[in-house]
Amino acid sequence: MDKQSKVDAAYLVGLMSGTSVDGIDAAVVKLSPPAEREQGVEVELLAFENTPFEVQVRNSIFELFDPANATIDKVGAMNMWLGELYAQATLSIIGKSGLSPSQIFAVGSHGQTIYHAPEENVMGDYNLHCTVQIGDGAVIANRTGIPCVSDFRVADMAMGGQGAPLVPFTEYLLFSNPETTLLMQNIGGIGNVTVLPANASPEGVFAFDTGPGNMIIDGLVSQLYAPMTMDVGGEISASGQVIDELLKWMQQDEYYKMPLPKSTGRERFGGQYVAQIMELTRANNWTAEDVVATATYLTAWSIVDSYERYIAPKHQAQQLLIGGGGSYNKTLLRDLQQLFTPHKVQVLTQEDIGGNSDAKEAIAFAMLAYYTMKRLPNNIPLVTGASQPVIMGKVSYPYLGR
Ligand SMILES: Nc1ncnc2c1ncn2[C@@H]1O[C@H](COP(=O)(O)OP(=O)(O)OP(=O)(O)O)[C@@H](O)[C@H]1O
Ligand SMILES: CC(=O)N[C@H]1[C@@H]2OC[C@@H](O2)[C@@H](O)[C@@H]1O[C@H](C)C(=O)O
(Lines give C-alpha, C1' and ligand atoms only; values in the text may rest on other atoms or scores of the structure.)
(Ligands and ions follow the chains in the order given, each with its own letter.)
Protein backbone atom coordinates (compact mmCIF):
# COMPACT_ATOMS: atom_id res chain seq x y z
CA MET A 1 0.00 0.00 0.00
CA ASP A 2 1.44 3.42 -0.85
CA LYS A 3 2.28 5.98 1.79
CA GLN A 4 -0.65 8.25 0.92
CA SER A 5 -3.24 5.53 1.42
CA LYS A 6 -2.08 4.83 4.96
CA VAL A 7 -3.35 8.18 6.12
CA ASP A 8 -6.20 9.19 3.82
CA ALA A 9 -9.72 7.99 4.52
CA ALA A 10 -11.77 7.12 1.44
CA TYR A 11 -15.51 7.18 0.78
CA LEU A 12 -16.91 4.19 -1.07
CA VAL A 13 -20.29 2.85 -2.12
CA GLY A 14 -21.07 -0.86 -1.68
CA LEU A 15 -23.93 -2.53 -3.57
CA MET A 16 -25.37 -5.95 -2.87
CA SER A 17 -28.23 -7.71 -4.55
CA GLY A 18 -28.28 -11.19 -3.15
CA THR A 19 -29.71 -14.59 -3.84
CA SER A 20 -33.08 -13.67 -2.27
CA VAL A 21 -33.69 -11.17 -5.11
CA ASP A 22 -35.50 -8.89 -2.67
CA GLY A 23 -33.79 -5.72 -3.89
CA ILE A 24 -30.62 -3.63 -3.89
CA ASP A 25 -28.76 -2.89 -0.67
CA ALA A 26 -26.65 0.25 -1.03
CA ALA A 27 -24.23 1.63 1.56
CA VAL A 28 -21.91 4.62 1.72
CA VAL A 29 -18.92 4.02 3.97
CA LYS A 30 -15.94 5.95 5.16
CA LEU A 31 -12.95 3.63 5.15
CA SER A 32 -9.90 4.51 7.18
CA PRO A 33 -7.07 2.39 5.83
CA PRO A 34 -4.88 0.27 8.03
CA ALA A 35 -1.51 1.51 9.17
CA GLU A 36 0.06 -1.84 8.32
CA ARG A 37 -1.41 -3.90 5.48
CA GLU A 38 -4.35 -5.80 7.02
CA GLN A 39 -4.29 -4.60 10.60
CA GLY A 40 -6.69 -2.00 11.96
CA VAL A 41 -8.90 -1.00 9.04
CA GLU A 42 -11.90 1.00 10.24
CA VAL A 43 -15.21 1.42 8.47
CA GLU A 44 -18.00 3.82 9.33
CA LEU A 45 -21.46 3.40 7.77
CA LEU A 46 -22.64 6.86 6.64
CA ALA A 47 -25.86 5.91 4.83
CA PHE A 48 -27.80 2.78 3.93
CA GLU A 49 -30.83 2.12 1.77
CA ASN A 50 -32.65 -0.95 0.50
CA THR A 51 -34.51 -0.46 -2.77
CA PRO A 52 -36.91 -3.36 -3.37
CA PHE A 53 -37.05 -4.70 -6.92
CA GLU A 54 -40.28 -4.01 -8.79
CA VAL A 55 -42.23 -7.20 -9.41
CA GLN A 56 -41.43 -7.14 -13.14
CA VAL A 57 -37.68 -6.90 -12.46
CA ARG A 58 -37.82 -9.65 -9.84
CA ASN A 59 -39.75 -11.94 -12.19
CA SER A 60 -37.33 -11.27 -15.04
CA ILE A 61 -34.38 -12.17 -12.80
CA PHE A 62 -36.08 -15.37 -11.64
CA GLU A 63 -36.56 -16.36 -15.28
CA LEU A 64 -32.78 -16.36 -15.71
CA PHE A 65 -32.21 -18.89 -12.92
CA ASP A 66 -33.30 -21.66 -15.26
CA PRO A 67 -30.50 -22.08 -17.83
CA ALA A 68 -33.06 -23.14 -20.43
CA ASN A 69 -34.79 -19.75 -20.14
CA ALA A 70 -31.64 -17.69 -19.75
CA THR A 71 -31.12 -17.01 -23.44
CA ILE A 72 -28.27 -14.70 -24.38
CA ASP A 73 -30.59 -11.83 -25.37
CA LYS A 74 -32.34 -11.89 -21.98
CA VAL A 75 -29.09 -12.17 -20.02
CA GLY A 76 -27.57 -9.32 -22.03
CA ALA A 77 -30.59 -7.07 -21.56
CA MET A 78 -30.82 -7.77 -17.83
CA ASN A 79 -27.07 -7.12 -17.50
CA MET A 80 -27.69 -3.59 -18.84
CA TRP A 81 -30.96 -3.04 -16.96
CA LEU A 82 -29.50 -4.05 -13.59
CA GLY A 83 -26.48 -1.84 -14.32
CA GLU A 84 -28.91 1.07 -14.66
CA LEU A 85 -30.74 0.18 -11.45
CA TYR A 86 -27.46 -0.16 -9.56
CA ALA A 87 -26.37 3.24 -10.90
CA GLN A 88 -29.64 4.80 -9.69
CA ALA A 89 -29.23 3.15 -6.27
CA THR A 90 -25.66 4.51 -6.12
CA LEU A 91 -26.68 8.09 -6.86
CA SER A 92 -29.61 7.86 -4.47
CA ILE A 93 -27.53 6.66 -1.52
CA ILE A 94 -24.77 9.19 -2.19
CA GLY A 95 -27.45 11.91 -2.06
CA LYS A 96 -28.67 10.55 1.24
CA SER A 97 -25.15 10.57 2.69
CA GLY A 98 -24.70 14.29 1.98
CA LEU A 99 -21.63 13.61 -0.20
CA SER A 100 -21.30 14.26 -3.93
CA PRO A 101 -20.34 11.60 -6.53
CA SER A 102 -16.96 13.29 -7.08
CA GLN A 103 -16.04 12.51 -3.46
CA ILE A 104 -16.54 8.77 -3.92
CA PHE A 105 -13.34 6.80 -4.51
CA ALA A 106 -15.10 3.75 -6.01
CA VAL A 107 -18.29 1.72 -6.12
CA GLY A 108 -18.04 -1.99 -5.26
CA SER A 109 -20.91 -3.89 -6.83
CA HIS A 110 -21.53 -7.57 -6.20
CA GLY A 111 -24.07 -7.89 -9.02
CA GLN A 112 -26.86 -10.42 -9.28
CA THR A 113 -25.84 -14.07 -9.23
CA ILE A 114 -27.81 -15.91 -11.88
CA TYR A 115 -25.68 -19.05 -11.93
CA HIS A 116 -23.17 -20.52 -9.52
CA ALA A 117 -21.67 -23.92 -10.31
CA PRO A 118 -18.37 -24.25 -8.45
CA GLU A 119 -18.33 -28.06 -8.65
CA GLU A 120 -20.35 -28.77 -11.72
CA ASN A 121 -18.69 -29.65 -14.98
CA VAL A 122 -20.81 -27.35 -17.10
CA MET A 123 -19.21 -28.06 -20.49
CA GLY A 124 -18.91 -31.83 -20.56
CA ASP A 125 -15.35 -32.83 -21.34
CA TYR A 126 -13.91 -29.37 -20.81
CA ASN A 127 -14.20 -29.51 -17.02
CA LEU A 128 -15.26 -25.89 -16.64
CA HIS A 129 -16.76 -24.41 -13.49
CA CYS A 130 -18.45 -21.06 -13.54
CA THR A 131 -20.16 -18.35 -11.59
CA VAL A 132 -22.17 -15.59 -13.25
CA GLN A 133 -23.01 -12.20 -11.72
CA ILE A 134 -24.75 -9.62 -13.91
CA GLY A 135 -25.40 -5.87 -13.66
CA ASP A 136 -22.62 -4.34 -15.69
CA GLY A 137 -19.92 -2.34 -13.91
CA ALA A 138 -19.29 -0.23 -17.03
CA VAL A 139 -22.90 0.94 -16.94
CA ILE A 140 -22.56 1.86 -13.26
CA ALA A 141 -19.27 3.71 -13.82
CA ASN A 142 -20.52 5.66 -16.84
CA ARG A 143 -23.92 6.52 -15.37
CA THR A 144 -22.47 7.71 -12.07
CA GLY A 145 -19.07 9.08 -13.12
CA ILE A 146 -17.43 6.91 -10.43
CA PRO A 147 -14.97 4.03 -10.98
CA CYS A 148 -16.76 0.76 -10.37
CA VAL A 149 -15.38 -2.60 -9.26
CA SER A 150 -17.63 -5.51 -10.21
CA ASP A 151 -17.56 -9.21 -11.01
CA PHE A 152 -15.48 -10.21 -8.00
CA ARG A 153 -15.86 -13.96 -7.97
CA VAL A 154 -14.27 -15.01 -11.27
CA ALA A 155 -10.63 -14.33 -10.32
CA ASP A 156 -10.88 -16.64 -7.33
CA MET A 157 -12.53 -19.37 -9.40
CA ALA A 158 -9.83 -19.01 -12.05
CA MET A 159 -7.34 -20.10 -9.40
CA GLY A 160 -9.34 -23.15 -8.41
CA GLY A 161 -11.53 -21.51 -5.74
CA GLN A 162 -15.28 -21.67 -5.24
CA GLY A 163 -15.54 -17.91 -5.85
CA ALA A 164 -17.43 -17.84 -2.55
CA PRO A 165 -17.83 -16.91 0.21
CA LEU A 166 -16.06 -13.55 -0.07
CA VAL A 167 -17.36 -11.68 2.95
CA PRO A 168 -15.07 -13.58 5.41
CA PHE A 169 -12.16 -11.38 4.25
CA THR A 170 -13.94 -8.29 5.57
CA GLU A 171 -15.37 -10.05 8.62
CA TYR A 172 -11.86 -11.01 9.66
CA LEU A 173 -10.75 -7.40 9.32
CA LEU A 174 -13.72 -5.96 11.20
CA PHE A 175 -14.82 -8.51 13.79
CA SER A 176 -11.98 -10.78 14.89
CA ASN A 177 -11.44 -10.62 18.61
CA PRO A 178 -8.53 -11.66 20.81
CA GLU A 179 -10.69 -13.40 23.41
CA THR A 180 -13.89 -14.60 21.78
CA THR A 181 -14.43 -17.27 19.14
CA LEU A 182 -17.16 -15.86 16.93
CA LEU A 183 -19.39 -17.48 14.34
CA MET A 184 -20.54 -14.85 11.87
CA GLN A 185 -23.70 -16.38 10.42
CA ASN A 186 -25.32 -14.72 7.43
CA ILE A 187 -28.90 -15.81 6.70
CA GLY A 188 -29.78 -14.42 3.29
CA GLY A 189 -31.13 -16.57 0.48
CA ILE A 190 -28.32 -18.96 1.34
CA GLY A 191 -26.79 -19.32 4.81
CA ASN A 192 -23.05 -18.89 5.25
CA VAL A 193 -20.82 -18.90 8.29
CA THR A 194 -17.40 -17.42 8.97
CA VAL A 195 -15.49 -18.88 11.91
CA LEU A 196 -13.27 -16.31 13.62
CA PRO A 197 -11.30 -18.18 16.26
CA ALA A 198 -10.14 -16.06 19.20
CA ASN A 199 -6.93 -14.25 18.31
CA ALA A 200 -6.78 -15.92 14.88
CA SER A 201 -4.42 -15.05 12.04
CA PRO A 202 -6.01 -14.97 8.55
CA GLU A 203 -4.83 -18.59 8.17
CA GLY A 204 -7.04 -19.58 11.10
CA VAL A 205 -10.24 -18.26 9.54
CA PHE A 206 -12.56 -20.62 7.74
CA ALA A 207 -15.96 -20.20 6.19
CA PHE A 208 -18.50 -21.99 4.04
CA ASP A 209 -22.15 -21.97 3.00
CA THR A 210 -24.21 -23.83 5.60
CA GLY A 211 -27.08 -24.50 3.16
CA PRO A 212 -30.37 -22.73 2.54
CA GLY A 213 -31.02 -19.50 4.45
CA ASN A 214 -34.43 -18.08 3.57
CA MET A 215 -34.52 -19.52 0.04
CA ILE A 216 -36.78 -22.49 0.74
CA ILE A 217 -38.98 -20.50 3.16
CA ASP A 218 -39.43 -17.72 0.57
CA GLY A 219 -40.13 -20.24 -2.20
CA LEU A 220 -42.79 -22.03 -0.16
CA VAL A 221 -44.45 -18.82 1.06
CA SER A 222 -44.58 -17.56 -2.55
CA GLN A 223 -46.41 -20.75 -3.55
CA LEU A 224 -48.64 -21.21 -0.52
CA TYR A 225 -49.38 -17.60 0.48
CA ALA A 226 -49.07 -15.61 -2.80
CA PRO A 227 -48.68 -12.68 -3.25
CA MET A 228 -46.58 -12.84 -0.07
CA THR A 229 -42.92 -13.66 -0.79
CA MET A 230 -41.56 -14.06 2.75
CA ASP A 231 -42.66 -15.13 6.23
CA VAL A 232 -42.58 -11.66 7.77
CA GLY A 233 -41.37 -11.85 11.37
CA GLY A 234 -41.68 -15.65 11.22
CA GLU A 235 -45.39 -15.41 12.00
CA ILE A 236 -46.49 -18.20 9.68
CA SER A 237 -43.92 -20.65 11.01
CA ALA A 238 -44.73 -19.69 14.61
CA SER A 239 -48.26 -21.00 14.05
CA GLY A 240 -47.09 -24.34 12.59
CA GLN A 241 -45.50 -27.58 13.80
CA VAL A 242 -42.45 -29.33 12.38
CA ILE A 243 -43.39 -32.32 10.18
CA ASP A 244 -40.89 -35.06 11.08
CA GLU A 245 -41.22 -36.91 7.79
CA LEU A 246 -40.55 -33.78 5.71
CA LEU A 247 -37.68 -32.70 7.97
CA LYS A 248 -36.01 -36.10 7.58
CA TRP A 249 -36.41 -35.93 3.81
CA MET A 250 -34.82 -32.47 3.71
CA GLN A 251 -31.97 -33.50 6.01
CA GLN A 252 -31.00 -36.22 3.50
CA ASP A 253 -29.62 -33.68 1.02
CA GLU A 254 -26.01 -34.57 0.34
CA TYR A 255 -24.88 -30.92 0.63
CA TYR A 256 -24.83 -31.05 4.45
CA LYS A 257 -22.20 -33.80 4.46
CA MET A 258 -20.02 -32.46 1.65
CA PRO A 259 -16.44 -31.65 2.70
CA LEU A 260 -15.14 -28.07 2.94
CA PRO A 261 -14.62 -25.81 1.09
CA LYS A 262 -18.15 -25.69 -0.26
CA SER A 263 -20.71 -23.21 -1.48
CA THR A 264 -24.20 -23.54 -2.86
CA GLY A 265 -27.09 -21.64 -4.39
CA ARG A 266 -30.40 -21.67 -6.18
CA GLU A 267 -29.18 -24.50 -8.44
CA ARG A 268 -29.65 -26.83 -5.43
CA PHE A 269 -32.20 -25.15 -3.14
CA GLY A 270 -34.21 -23.03 -5.61
CA GLY A 271 -37.38 -23.53 -7.68
CA GLN A 272 -36.97 -27.23 -8.47
CA TYR A 273 -36.35 -28.10 -4.84
CA VAL A 274 -39.42 -26.14 -3.71
CA ALA A 275 -41.51 -27.85 -6.42
CA GLN A 276 -40.56 -31.23 -4.92
CA ILE A 277 -41.70 -30.10 -1.46
CA MET A 278 -44.96 -28.84 -2.95
CA GLU A 279 -45.55 -32.26 -4.50
CA LEU A 280 -44.94 -34.01 -1.17
CA THR A 281 -47.21 -31.48 0.53
CA ARG A 282 -50.10 -32.23 -1.81
CA ALA A 283 -49.55 -35.99 -1.58
CA ASN A 284 -49.54 -35.94 2.24
CA ASN A 285 -52.13 -33.20 2.84
CA TRP A 286 -49.72 -31.27 5.04
CA THR A 287 -50.88 -27.81 6.12
CA ALA A 288 -49.18 -24.71 4.72
CA GLU A 289 -48.05 -23.42 8.13
CA ASP A 290 -46.54 -26.78 9.11
CA VAL A 291 -44.57 -26.92 5.86
CA VAL A 292 -43.20 -23.39 6.39
CA ALA A 293 -42.39 -24.22 10.06
CA THR A 294 -40.45 -27.30 8.88
CA ALA A 295 -38.44 -25.33 6.29
CA THR A 296 -37.63 -22.77 8.98
CA TYR A 297 -36.48 -25.45 11.40
CA LEU A 298 -34.39 -27.05 8.62
CA THR A 299 -32.43 -23.79 8.21
CA ALA A 300 -31.75 -23.61 11.96
CA TRP A 301 -30.82 -27.31 11.99
CA SER A 302 -28.41 -26.90 9.07
CA ILE A 303 -26.60 -24.16 10.98
CA VAL A 304 -26.20 -26.19 14.18
CA ASP A 305 -25.37 -29.32 12.16
CA SER A 306 -22.57 -27.39 10.43
CA TYR A 307 -21.29 -26.32 13.84
CA GLU A 308 -21.26 -29.87 15.15
CA ARG A 309 -19.76 -31.36 12.00
CA TYR A 310 -17.06 -28.87 10.97
CA ILE A 311 -16.47 -26.33 13.73
CA ALA A 312 -16.94 -27.82 17.23
CA PRO A 313 -14.24 -30.48 16.69
CA LYS A 314 -11.74 -27.60 16.36
CA HIS A 315 -13.21 -24.66 18.28
CA GLN A 316 -15.66 -24.04 21.11
CA ALA A 317 -17.49 -20.89 19.99
CA GLN A 318 -18.83 -18.31 22.42
CA GLN A 319 -21.17 -16.40 20.10
CA LEU A 320 -23.20 -16.87 16.94
CA LEU A 321 -23.68 -13.42 15.46
CA ILE A 322 -26.48 -13.34 12.89
CA GLY A 323 -26.76 -10.97 9.93
CA GLY A 324 -28.90 -10.92 6.78
CA GLY A 325 -32.67 -10.81 6.46
CA GLY A 326 -33.14 -14.05 8.42
CA SER A 327 -32.34 -12.16 11.60
CA TYR A 328 -35.85 -10.65 11.36
CA ASN A 329 -37.51 -14.07 11.44
CA LYS A 330 -38.34 -14.59 15.13
CA THR A 331 -39.17 -18.27 14.76
CA LEU A 332 -35.82 -18.93 13.11
CA LEU A 333 -34.06 -17.09 15.95
CA ARG A 334 -36.06 -19.07 18.53
CA ASP A 335 -35.11 -22.38 16.86
CA LEU A 336 -31.44 -21.34 16.69
CA GLN A 337 -31.40 -20.32 20.34
CA GLN A 338 -32.91 -23.64 21.32
CA LEU A 339 -30.48 -25.68 19.21
CA PHE A 340 -27.35 -23.79 20.33
CA THR A 341 -28.16 -23.77 24.08
CA PRO A 342 -26.67 -27.26 24.69
CA HIS A 343 -23.49 -26.06 22.96
CA LYS A 344 -23.25 -23.03 25.26
CA VAL A 345 -23.16 -20.69 22.26
CA GLN A 346 -24.90 -17.34 22.71
CA VAL A 347 -27.11 -16.35 19.74
CA LEU A 348 -27.08 -12.61 18.91
CA THR A 349 -28.05 -10.48 15.91
CA GLN A 350 -26.01 -7.65 14.36
CA GLU A 351 -28.50 -5.24 15.93
CA ASP A 352 -27.72 -6.66 19.40
CA ILE A 353 -24.14 -5.39 18.99
CA GLY A 354 -25.06 -2.06 17.39
CA GLY A 355 -24.61 -3.27 13.78
CA ASN A 356 -27.01 -3.50 10.83
CA SER A 357 -28.10 -6.93 9.57
CA ASP A 358 -29.13 -5.57 6.17
CA ALA A 359 -26.07 -3.43 5.50
CA LYS A 360 -23.34 -5.94 6.28
CA GLU A 361 -22.83 -7.36 2.79
CA ALA A 362 -23.06 -3.98 1.04
CA ILE A 363 -20.37 -2.69 3.43
CA ALA A 364 -18.27 -5.75 2.61
CA PHE A 365 -18.35 -5.04 -1.15
CA ALA A 366 -17.32 -1.44 -0.56
CA MET A 367 -14.33 -2.75 1.39
CA LEU A 368 -13.45 -5.40 -1.18
CA ALA A 369 -13.50 -2.70 -3.88
CA TYR A 370 -11.05 -0.61 -1.89
CA TYR A 371 -8.55 -3.49 -1.90
CA THR A 372 -9.08 -4.03 -5.63
CA MET A 373 -8.40 -0.37 -6.37
CA LYS A 374 -5.23 -0.57 -4.30
CA ARG A 375 -4.22 -3.73 -6.19
CA LEU A 376 -4.15 -5.77 -3.03
CA PRO A 377 -5.40 -9.36 -2.79
CA ASN A 378 -8.85 -9.68 -1.26
CA ASN A 379 -9.73 -13.36 -1.16
CA ILE A 380 -8.89 -15.84 1.61
CA PRO A 381 -7.57 -18.89 -0.27
CA LEU A 382 -8.16 -21.25 2.64
CA VAL A 383 -11.82 -20.19 2.67
CA THR A 384 -12.55 -20.37 -1.05
CA GLY A 385 -10.14 -23.17 -1.93
CA ALA A 386 -8.17 -21.02 -4.37
CA SER A 387 -4.54 -21.98 -4.86
CA GLN A 388 -3.29 -18.47 -4.09
CA PRO A 389 -4.32 -14.92 -3.12
CA VAL A 390 -5.86 -12.96 -6.00
CA ILE A 391 -7.08 -9.43 -6.62
CA MET A 392 -10.78 -9.96 -7.19
CA GLY A 393 -12.93 -7.58 -9.21
CA LYS A 394 -12.84 -5.82 -12.57
CA VAL A 395 -12.52 -2.04 -12.68
CA SER A 396 -14.55 0.19 -15.05
CA TYR A 397 -13.45 3.81 -15.26
CA PRO A 398 -15.66 6.64 -16.46
CA TYR A 399 -14.06 9.25 -18.72
CA LEU A 400 -14.39 12.52 -16.89
CA GLY A 401 -12.84 14.69 -19.58
CA ARG A 402 -9.92 15.84 -17.48
N1 LIG B 1 -39.06 -8.83 8.36
C2 LIG B 1 -38.66 -10.03 7.93
N3 LIG B 1 -39.18 -11.15 8.47
C4 LIG B 1 -38.78 -12.38 8.05
N5 LIG B 1 -37.88 -12.58 7.07
C6 LIG B 1 -37.34 -11.48 6.51
C7 LIG B 1 -37.68 -10.17 6.89
N8 LIG B 1 -36.95 -9.29 6.16
C9 LIG B 1 -36.19 -10.05 5.34
N10 LIG B 1 -36.42 -11.35 5.53
C11 LIG B 1 -35.82 -12.49 4.82
O12 LIG B 1 -34.53 -12.15 4.39
C13 LIG B 1 -34.40 -12.31 2.97
C14 LIG B 1 -33.46 -11.26 2.44
O15 LIG B 1 -32.25 -11.41 3.12
P16 LIG B 1 -30.91 -10.77 2.57
O17 LIG B 1 -31.21 -9.46 1.94
O18 LIG B 1 -29.92 -10.87 3.66
O19 LIG B 1 -30.56 -11.84 1.44
P20 LIG B 1 -29.64 -11.72 0.19
O21 LIG B 1 -28.53 -10.75 0.44
O22 LIG B 1 -30.51 -11.54 -0.98
O23 LIG B 1 -29.07 -13.19 0.11
P24 LIG B 1 -27.56 -13.78 0.14
O25 LIG B 1 -26.88 -13.24 1.34
O26 LIG B 1 -27.80 -15.24 0.19
O27 LIG B 1 -26.96 -13.37 -1.17
C28 LIG B 1 -35.83 -12.14 2.44
O29 LIG B 1 -35.97 -12.79 1.19
C30 LIG B 1 -36.63 -12.80 3.55
O31 LIG B 1 -36.67 -14.18 3.41
C1 LIG C 1 -22.47 -17.18 -5.61
C2 LIG C 1 -23.14 -16.30 -4.62
O3 LIG C 1 -23.70 -15.28 -4.98
N4 LIG C 1 -23.04 -16.68 -3.35
C5 LIG C 1 -23.57 -15.88 -2.26
C6 LIG C 1 -24.80 -16.55 -1.67
O7 LIG C 1 -25.34 -15.75 -0.63
C8 LIG C 1 -24.76 -16.17 0.60
C9 LIG C 1 -23.80 -17.24 0.20
O10 LIG C 1 -24.43 -17.73 -1.01
C11 LIG C 1 -22.40 -16.70 -0.17
O12 LIG C 1 -21.64 -17.78 -0.65
C13 LIG C 1 -22.45 -15.67 -1.28
O14 LIG C 1 -22.53 -14.33 -0.88
C15 LIG C 1 -21.75 -13.68 0.08
C16 LIG C 1 -21.90 -12.23 -0.12
C17 LIG C 1 -20.26 -14.04 0.10
O18 LIG C 1 -19.67 -14.32 -0.94
O19 LIG C 1 -19.67 -13.99 1.17
Side-chain angles (χ1 to χ4, degrees), residues 14-25 50-53 58 61 65 108-118 129-135 151-154 156-157 161-172 184-194 207-222 228-238 255 261-270 292 295-296 299 322-333 349-350 356-365 367-368 378-380 383-384 392:
L15 300 176
M16 179 70 197
S17 72
T19 53
S20 299
V21 201
D22 54 337
I24 305 168
D25 292 329
N50 172 277
T51 312
F53 284 127
R58 190 165 197 263
I61 294 171
F65 292 144
S109 175
H110 172 266
Q112 181 65 52
T113 296
I114 56 166
Y115 203 72
H116 181 64
H129 319 298
C130 70
T131 185
V132 183
Q133 284 76 44
I134 57 169
D151 223 351
F152 287 83
R153 301 189 188 274
V154 184
D156 182 85
M157 206 174 249
Q162 299 261 318
L166 306 187
V167 169
F169 178 82
T170 63
E171 287 176 325
Y172 172 70
M184 307 288 303
Q185 178 71 47
N186 177 61
I187 311 181
I190 292 296
N192 55 299
V193 69
T194 302
F208 57 96
D209 288 355
T210 47
N214 298 289
M215 194 172 275
I216 304 176
I217 304 170
D218 286 0
L220 289 169
V221 171
S222 303
M228 286 171 72
T229 57
M230 65 172 81
D231 180 12
V232 178
E235 285 188 14
I236 298 172
S237 48
Y255 183 76
K262 60 178 178 176
S263 61
T264 188
R266 221 164 254 290
E267 298 69 28
R268 186 180 284 273
F269 295 114
V292 176
T296 306
T299 293
I322 300 172
S327 60
Y328 305 120
N329 183 323
K330 293 200 174 74
T331 312
L332 185 51
L333 285 186
T349 64
Q350 280 287 328
N356 181 326
S357 286
D358 287 330
K360 220 183 104 235
E361 289 184 341
I363 296 171
F365 281 91
M367 288 178 73
L368 288 169
N378 48 8
N379 65 334
I380 304 185
V383 165
T384 60
M392 297 186 300

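Order of appearance sets the numbers: ligands from 1, and atoms from 1 within every ligand.
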Exercise. Going by distance only, is there an N or O of Gln133 that falls short of 3.5 Å from an N or O of ligand 2?
Worked result: no

For this session: Check ligand 1 against Met16 and write out every atom of the ligand that is under 4.0 Å from a heavy-atom position of the residue.
Result: 27 (O)

Exercise. Quick one: does Gln133's side chain have a donor or acceptor within less than 3.5 Å of a partner on Ile114's backbone?
Worked result: no

Problem set entry | Check: Glu361 N/O within less than 3.5 Å of ligand 2 N/O | no

For this session: Spell out, as yes or no, whether a donor-acceptor pair under 3.5 Å connects the side chain of Asn214 to the backbone of Gly188.
Result: yes

For this session: Report the part of Met215 (side chain from C-beta onward, or backbone N, CA, C, O) that has a heavy atom under 4.0 Å from ligand 1; answer both or neither where that applies.
Result: neither

Exercise. Within less than 4.0 angstrom of ligand 1, does Asp22 place any heavy atom?
Worked result: yes

Seminar exercise, completed: For Leu166, the atoms of ligand 2 under 4.0 Å from one of its heavy atoms are 17 (C), 18 (O), 19 (O)

Exercise. Is Asp231 touching ligand 1 with its side chain, its backbone, both, or neither, if touching means heavy atoms under 4.0 Å apart?
Worked result: backbone

Problem set entry | Where ligand 2 meets His110 - atom numbers and elements under 4.0 angstrom, heavy-atom basis | 3 (O)

Exercise. Which atoms from ligand 2 have a heavy atom of Val167 less than 4.0 Å away?
Worked result: 16 (C), 17 (C), 19 (O)

Problem set entry | Numbered atoms of ligand 1 (with element) below 4.0 Å of Gly326, judged on heavy atoms | 12 (O)

Exercise. Should you measure from each heavy atom of Asp218, which atoms of ligand 1 turn up under 4.0 Å away?
Worked result: 28 (C), 29 (O), 30 (C), 31 (O)

For this session: Please state whether Gln162 comes within less than 4.0 angstrom of ligand 2, counting heavy atoms only.
Result: no

Exercise. Does the Tyr255 side chain pair with the main chain of Asp209, one donor and one acceptor, at a distance under 3.5 Å?
Worked result: yes

Problem set entry | Nearest neighbour of atom 21 (O) of ligand 1 from the list Glu361, Gln112, Met230, on a heavy-atom basis | Glu361

Exercise. Should Ile190 be counted as touching ligand 1, given the test is an N or O pair under 3.5 Å?
Worked result: yes

For this session: Using distance alone, determine whether Gly325 and ligand 1 share an N or O pair under 3.5 Å.
Result: yes

Exercise. Hey, which atoms in ligand 2 end up nearer than 4.0 Å to a heavy atom of Ala164?
Worked result: 12 (O)

Exercise. With no hydrogens and no angle check, is any side-chain donor or acceptor of Thr210 less than 3.5 Å from a backbone partner on Val193?
Worked result: no

Exercise. Should Gly233 be counted as touching ligand 1, given the test is an N or O pair under 3.5 Å?
Worked result: yes

Problem set entry | Donor-acceptor pair, side chain of Thr170 and main chain of Ala364, under 3.5 angstrom | no

